[in-house]
Amino acid sequence: MAASSASPFIVLRVPSDNSSQSSMRSAFLPLFKPSSSVSLKSSSSRSRSTALVVRNALKTLESKSTLVSKGSGPEAPSLGTKPTILVSEKLGEVGLELLRSFGTVDCSYNLSPEELCSKISLCDALIVRSGTKVTRQVFEAAKGRLKVVGRAGVGIDNVDLQAATEFGCLVVNAPTANTVAAAEHGIALLAGMARNVAQADASMKAGKWQRNKYVGVSLVGKTLAVMGFGKVGTEVARRAKGLGMNVIAHDPYAPADRARAIGVDLVSFDEAIATAEFISLHMPLTPATSKLFNDENFSKMKKGVRIINVARGGVIDEDALVRALDSGIVAQAALDVFTEEPPPKDSKLVQHENVTVTPHLGASTKEAQEGVAVEIAEAVVGALNGELSATAVNAPMVPPEVLSELAPYVVLAEKLGRMVVQLVAGGAGINSVKVVYRSARDPENVDTRLLRAMITKGIIEPISSTIVNLVNADFTAKQKGLRISEERVVVDASPECPVDSIEIRISNVQSKFPSALMDNGEIAVEGRVKGGIPHLTRIGSFSVDVSLEGNLILCKQVDQPGMIGQVGNILGEKNVNVNFMSVCRTAPRKMAIMAIGVDEEPDKETLKRIGEVQAVEEFVFLTL
Ligand SMILES: NC(=O)C1=CN([C@@H]2O[C@H](COP(=O)(O)OP(=O)(O)OC[C@H]3O[C@@H](n4cnc5c(N)ncnc54)[C@H](O)[C@@H]3O)[C@@H](O)[C@H]2O)C=CC1
Ligand SMILES: O=C(O)C(=O)COP(=O)(O)O
């Protein structure tokens, strides 16, 4: 890991009694104080409870914290600046109002990729629907300012998630508010296709009266295969049952009992496509589903099958579908989505007489658009406030109750990380870190993702310009060649505490403070939370007990009278306030470790004088 100067971003400084909230906020994101309070009209009880719990937790913090900009370039937000939120596609008015009450909203629709890239470095958040491609170039062009991308809908295949994660940008979506709309559109296409509604309408408008040409097929008693039994697929199945259809479904990840509960059999892919008279697609577009409906699979279908696609165009090989339509394997198709949107004007598929098309209207009802707008506005505002999102796509979702319980341990984890990296001589050669969590709880019940992310942040940030948060912690560690292994050990402690102690060990390095090394050559520090405050409880094999606040001076010296006074005097002469002191001896008059907490950072001369005290053998100054 290359060492560099201090990180050029925003630092939240909070009085020590609120340090846990501060650290939690800075772990996630980007810090903005709303200019006015934002009222939440949550459509989902989960997101409402998450938002409220975290908001309450942050209320106290709001009054005491100050935002300090350390100059992240010309566009860095500073104290009192409202965040800028770019909305690149039409969003419901209620959502826009919510966003306007929090930040500056720039609604710029139909931006070219170049225009989007040139605007994005001025934005803290971007809200899109399916029409905006949020590519790696967009994240690069953002120059670190973009904190969150909100997808006002379900499918996130238009967002480069890998790039978002690498750049530490949170991606959130609105997964529930358009489910019914998409399902209703699927049913509309199913029924409309079976009765040739669109074709008959066009024919009449062309002045014709073709009753014999547009004889349809009935739905009742026919088998419908729902491919992808998630939210939309389930609602389609429910409605199709109401139409008297026999519904089967294929979904490798759906629980059979959920299907059984609504009278649907879960079957294999091959069985589904070979049995059905109607096939409705409801799976996401992923590498595994891309062009899943291809020549080979069309050939396994019943002749005369009818296909509905309200999912993503890319799950069908569109050329293969044209061939299947021409050969009669597929009698009809009804498509709302296309590989390329809008599709080329001369698309054979769109022009095919047995194909009914709509321009990606699945989510386009007034109700759904209002719902997704509120859902996404809440998620984006929450993310800009540093809250964990209930709809995060590229970060772990930590339930609010777990979050509040872990708060002080989050601070401890980051401080231990910061401390241990400063004990490494050179700092840059760390590649193997072991974290041991000791707890009375069953290891299965100790969620360490957040703690690991904070340890990573603590280790990387002091020696790099990379900003680490929950989104990019694991990726950044990997990038820097830092392997973090974790061990959970059950100990006899209070089960009330999620974690009794956290120990960080670093192997294969030299230490600036050799007493931090264990017999096996590893640097080791261990900490605990005491009365809500993080404490250092061991360094190397020396037990100490000092609260991890402010700055820390560690000395190893010959245990003799007057040492505390000598060091205290040197600090006092320079008006450096000592906030605690702890001494641990191997034996009386042998060696001792002295840990001194100081509020101010002593100047170089003062530190030099402490190092020169005759009995002092090792000495290090650490900023926490
Ligand atoms: N046309 C439109 O305007 C809309 C389209 N959509 C699209 O509909 C799709 C489904 O949305 P939701 O139901 O909300 O998502 P969901 O995540 O609730 O459901 C997707 C289901 O597909 C399943 N799945 C994944 N891989 C599969 C595979 N290889 N074979 C079969 N099933 C597989 C998953 O297990 C999951 O149960 C998404 O692609 C979404 O983008 C959603 C809303 C509106
Ligand atoms: O939610 C989805 O996945 C959709 O496809 C809806 O897309 P839209 O927001 O209408 O562009």
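Note that the numbering runs from 1 along the sequence shown for the chain. Ligands are counted one by one from 1 in listed order, and the atoms in each one are counted from 1 as well. These numbers were taken from a predicted model, which means no experiment stands behind them.
Closest to atom 1 (O) of ligand 2 among all protein heavy atoms lies V154 N, 2.6 Å. Among all protein heavy atoms, the one lying closest to atom 5 (O) of ligand 2 is H360 NE2, 2.7 Å. Summary of contacts: the protein heavy atom closest to atom 11 (O) of ligand 2 is S130 OG, 2.5 Å.
Between G233 and ligand 1, no N or O atom pair is found at a separation short of 3.5 Å. Residue contacts with ligand 1: D251 is placed with a nitrogen or oxygen under 3.5 Å of a nitrogen or oxygen of the ligand (distance criterion only). Not one N or O of T289 is nearer than 3.5 Å to an N or O of ligand 1, by distance alone. For K231, a nitrogen or oxygen atom sits less than 3.5 Å from a nitrogen or oxygen atom of ligand 1, counting backbone and side chain alike. Among the atoms of R312, some N or O lies under 3.5 angstrom from an N or O of ligand 1. Ligand 1 has an N or O atom lying under 3.5 Å from an N or O atom of V310, backbone or side chain. The shortest N/O to N/O separation between V232 and ligand 1 falls below 3.5 Å. Residue H360 has at least one N or O atom closer than 3.5 Å to an N or O atom of ligand 1.
Taking 4.0 Å as the cut-off, A288 does not count as a neighbour of ligand 1 on heavy-atom distance. Residue contact check for ligand 2: A152 places a non-hydrogen atom closer than 4.0 Å to it. No heavy atom of E89 sits closer than 4.0 Å to any atom of ligand 2.
Taking only non-hydrogen atoms, the option from H185, R129, R151 nearest to atom 4 (C) of ligand 2 is R151.
Looking at K133, R312, R151 one by one, the single match for salt bridge (charged side-chain N to carboxylate O under 4.0 Å, His left out) with D157 turns out to be R312.
Checked for salt-bridge contact, D474 and K478 miss the test: no charged N lies under 4.0 Å from a carboxylate O.
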